[in-house]
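Scope of the values below: all heavy atoms of this structure, side chains included, with no hydrogens, waters or symmetry mates. Computed from a predicted model, the values in this text were never measured in an experiment.
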Amino acid sequence: MSEGSVQHQQPAVPVLEEQRLDEFLSAVPERGQWRYRPRRVGMVWRSKAFRAGAVIAVLALCGLVILSLVRDQTGTEGFLVGLGLAVLPVPLLMAAFRWLDRVEPGPWRNLLFAFAWGACAAALVAIIANSFATRWIATATADPASADTLGATVVAPVVEESAKAAAVLLIFLFRRREFGGVVDGIVVAGFTATGFAFTENILYLGNAFGEDQELGTTGLASVTAGTFFVRVVMSPFAHPLFTVLTGIGFGIAALGGRRRRVRRIVLPLLGLVLAMGMHALWNGSSAFGPYGFYAVYGAFMVPALALVTWLAIWSRQRELRTLSAELPVYASAGWLTPAEPLALASMRARGVARDMARHWNSHPDRSRGRAAARAVAEYESFATSLAVLRLRARRDGAGPDFAHREQELLHHLWQRRDIAGPALTYAARATGRARAHRVPPPYPRRPHGAPYPQHQVPAPHRHYGGYNPYLQPVARQPGTGHGPVPPG
């Protein structure tokens, strides 16, 4: 597709005019039909009650079955010991993947579904399929030793990676608007594999503890300590690294748009094949001799982890550049201030904006400061969604619902502009994103407990009780680039 055709398909930006503002905002759908909602802590499941109940019931049933199978193999004491040790790396891995997803955070419902799928459904499929395949191979070849080796190096990678990839596929198909690129693929795949590794570690550590009880070994020389060191200390990222390759394939396919159907099919399959290959290499490392594990670990696993980490960080920076490229058109139309796209394209400036909003509005009531910081965070999320929406429209053409989705996002931004606009403008100047002669302090000094004079409270902060005399409200005129005229 030529550059000219891409420019020709670029969606029009609504020009803000004072007489058309009320008409524009009145076209926003009713609250019950909003596609974009503030992402708050605790609001995890936002789907229909029936669908949520069905998903929870299925995953809970799988969880009960898999835990029962693991307990039968390890015993009650082994199960409890394995559970306590296996849970240790889970918060660290989840925090690492969530950190990568800070630009446009995906909803927690998707991530919790991915984790539960890996820990319950994928683990159940894997333990049943692997056991059945190994027994069938042992019966067919009459060689149990070779059956175990073949099952670990061939059957297990295919079954386990396919079961984990199913979660990524489901979110890719049914939550397409929340799956927009490589970072989303990495995060969803990472959460799925973290859940799978959690259940698998319970099984391995529980069996190791049972073996130590039979042999009477304790301390650092025990099988449990060795298993913990290999699986939790040295390679907690093994399963996430395998499945992340599948997630990268889905992420690149999502970037290609809907028109490239071959790419949307081939790339996820290629990522799945690579995940299976690396998984097979990892499981078969013992076949390379006594030092095969360390050779595969140093020659393949560590470089692959470094490469995937670099790709994730580069993709996140690419998402930030999307904001600086797509949002200035809305700033020129008056929906954003000129400095806001610069601040939104920097993670540091985003954090400064939230902190400043909290400080400006936390006197005398801290709850107002928290509400202001939450409003800025929601503003950042909606602005990111708006930039991604416009980018996808330029790539694939504006869909039939583009105008309604754009109006809804602009409506959300408009509701929070009085709090987020000044905070982001200050953050752009404070972090050097926007030039200014000087950066004022966040709020002036005053005697402890003294109230702020209400006649000096700027309009953007009046209903929050905050005060910042250095950030006076700008006279908003349409077409000047300083923001739209408030309705009414």
Exercise for the section: Using the side-chain hydrogen bond (donor to acceptor under 3.5 Å, both in side chains) rule, take T431 and R350 through it: C-alpha gap first, then chi angles, then the decisive distance, then the call. Expected result: CA-CA 10 Å; T431 57; R350 287 184 171 201; over 6 Å; no
Problem - Step-by-step side-chain contact (heavy atoms from CB on, under 4.5 Å) determination, W335 to L413 - result: CA-CA 8 Å; W335 289 100; L413 294 178; over 6 Å; no
Exercise for the section: Given side-chain contact (heavy atoms from CB on, under 4.5 Å), test R370 with R366 step by step and report yes or no. Expected result: CA-CA 6 Å; R370 292 191 295 268; R366 291 186 178 182; 4.0 Å; yes
Exercise for the section: Applying side-chain contact (heavy atoms from CB on, under 4.5 Å), run through F228 and V233 and close with a yes or a no. Expected result: CA-CA 7 Å; F228 179 83; V233 177; 3.7 Å; yes
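In this structure, the side chains of F198 and L83 come closer than 4.5 Å at one or more pairs of heavy atoms. By the 4.5 Å heavy-atom criterion applied to side chains, L410 and Y330 are counted as neighbours. For the pair P341/P328, a side-chain contact is recorded, criterion being any heavy-atom separation below 4.5 Å from C-beta on. The closest side-chain heavy-atom distance from L386 to R390 is not below 4.5 Å. Counting heavy atoms from C-beta on, the side chains of L170 and F113 come closer than 4.5 Å. Side-chain contact between M347 and L320 is present, with heavy atoms from C-beta onward closer than 4.5 Å. Using a 4.5 Å cut-off on side-chain heavy atoms (C-beta onward), R231 and L205 make no contact. A heavy-atom distance below 4.5 Å is found between the side chains of R318 and L255.
Remark: L391 CG to R321 CZ distance equals 12.0 Å, nearest 0.5 Å. In this structure, the separation between CG on L336 and CG on L344 is 7.0 Å, given to the nearest 0.5 Å. Distance check, rounded to the nearest 0.5 Å: CD1 of I202 to CG of L67 gives 6.5 Å. Taking CZ of F115 as the start and CG of N110 as the end, the distance is 15.5 Å to the nearest 0.5 Å. The CZ atom of R102 lies 10.5 Å from the CD atom of E380; values are rounded to the nearest 0.5 Å. Here CG of L59 is found 6.0 Å from SG of C120. Values are rounded to the nearest 0.5 Å.
With sequence neighbours excluded, no residue forms a ring pair (Phe, Tyr, Trp, His ring centres under 6.0 Å) with Y379. Remark: F237 pairs with no residue by the ring pair (Phe, Tyr, Trp, His ring centres under 6.0 Å) rule, at least two apart or across chains. Every residue meeting the side-chain hydrogen bond (donor to acceptor under 3.5 Å, both in side chains) condition with E160, not counting sequence neighbours, appears here in chain and number order: N130, H279. In this structure, the side chain to side chain contact (heavy atoms under 4.5 Å, CB included) partners of L269, at least two apart in sequence or on a different chain, are I265.
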Just list the side-chain donor-acceptor pairs under 3.5 Å for residues 179-187, sequence neighbours left out, or say none.
| unit_1 | atom_1 | unit_2 | atom_2 | d |
| --- | --- | --- | --- | --- |
| D184 | OD2 | G180 | N | 2.7 |

Could you go through residues 300-316 and list every donor-acceptor pair under 3.5 Å that involves a side-chain atom there, pairing it with any protein atom two or more places apart or in another chain?
| unit_1 | atom_1 | unit_2 | atom_2 | d |
| --- | --- | --- | --- | --- |
| T309 | OG1 | L305 | O | 2.8 |
| S315 | OG | L311 | O | 2.8 |
| R316 | NH1 | W99 | O | 2.9 |

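Looking at every heavy atom in both residues, G190 comes nearest to F97 through CA-CZ, 3.5 Å. Contact between A163 and W117 at its shortest, heavy atoms only, is O-NE1, 2.9 Å. Residues A372 and N361 share a closest heavy-atom pair of CB-ND2, 3.5 Å. Considering all non-hydrogen atoms of both residues, G247 and V168 come closest at CA-CG1, 4.4 Å. Residue T199 comes nearest to A119 through the heavy atom pair OG1-O, 2.7 Å, listed as atom of the first residue, atom of the second, then distance. Between L272 and S162 the shortest heavy-atom distance is CD1-N, 4.2 Å.
With W360 contributing its side chain and I419 its backbone, the two residues share no donor-acceptor pair below 3.5 Å. A side-chain donor-acceptor contact under 3.5 Å links S385 to the backbone of S381. Side-chain atoms of T243 do not come within 3.5 Å of backbone N or O of P240 as any donor-acceptor pair. Side chain of R433 to backbone of A343: no donor-acceptor contact under 3.5 angstrom is found. The backbone N or O of L93 sits nowhere less than 3.5 Å from a side-chain atom of T194 that would complete a donor-acceptor pair. Using a distance-only test at 3.5 Å, with no hydrogens or angles considered, no donor-acceptor pair links the side chain of S235 to the main chain of A238.
A salt bridge (Lys or Arg N to Asp or Glu O under 4.0 Å) with E378 holds for exactly one of R416, R417, R354; it is R416.
Using a 4.0 Å cut-off between a side-chain N of Lys or Arg and a carboxylate O of Asp or Glu, E161 and K164 qualify as a salt bridge. By the 4.0 Å N-to-carboxylate-O rule, R109 lies close enough to E178 to be salt-bridged with it.
Taking the ring centre of W108 as origin, the terminal cationic atom of R98 falls inside the region bounded by 6.0 Å and 45° from the ring axis.
Taking the six-membered ring where the residue is Trp, Y297 and W282 present tilted rings, their angle falling between 30° and 60°.
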